Amino acid sequence: MEAIDIQPWMFRVEPLQGESLSHFLGRFRRANELTPTGLGKMAGLGGAIARWEKFRFNPPPSLQQLEALGVVVRVERERLQEMLPPPGVGMKLEPIRLCGACYAQSPCHRIEWQFKEMQGCDRHGLMLLSECPNCGARFKVPALWVDGWCQRCFLGFAEIAKYQKAI
Ligand SMILES: [Zn+2]
Ligand SMILES: [Zn+2]
């Protein structure tokens, strides 16, 4: 906690197409060895980081909060907003869902998978999975997706598409 406020350098992490804020924050924190609390302190956001990583957007992140986060992670506020649900779109906090075919193309959790009305992936014509098809484990919050595989049976998320049913 002591040195964190004067840390002059931070690794920049490039956002991926469609990536959810939770997944992005997890990658940024690991690249810079920060806890949610540590990042929250740096950005002056208190406990908001931990809530956002769990898709708890009630109340929604304010423009000022996103500006403050943007300064620390060096990503424009508009780009951060793309990692959030658009206004009026309902979010499903649980279960965390996944399209393995998308993951194989771009290794990240996509924000659209947590939209309430989203049952399947339009891009691939596949139903989303809400648990590991091999062992039944729930997926962790995307901020904790370190290796891109099921934490219980190690099935790779990129290999999961073959278990997905067609829409
Ligand atoms: Zn897909
Ligand atoms: Zn599994």
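We count residues from 1, following the sequence as given. Just follow the structure's listing: the first ligand is 1, and inside any ligand the first atom is 1. Everything quoted here is computed from the prediction, not taken from an experiment.
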Closest H124 atom to the Zn ion (ligand 1) [N, O or S only]: ND1
Three-point angle C121:SG, the Zn ion (ligand 1), C102:SG, rounded to the nearest 10°: 100°
Minimum heavy-atom distance between G38 and T35, given as atom pair plus value: N-OG1, 2.8 Å
Angular separation of SG (C150) and SG (C135) seen from the Zn ion (ligand 2), to 10°: 100°
Electrostatic pair E94:R138 at N-O distance under 4.0 angstrom: no
Spacing of CG belonging to L93 relative to CZ belonging to R56, to within rounding of 0.5 Å: 5.5 Å
Positive for side chain to side chain donor-acceptor pair (under 3.5 Å) with S20, one of H109, E53, E82: H109
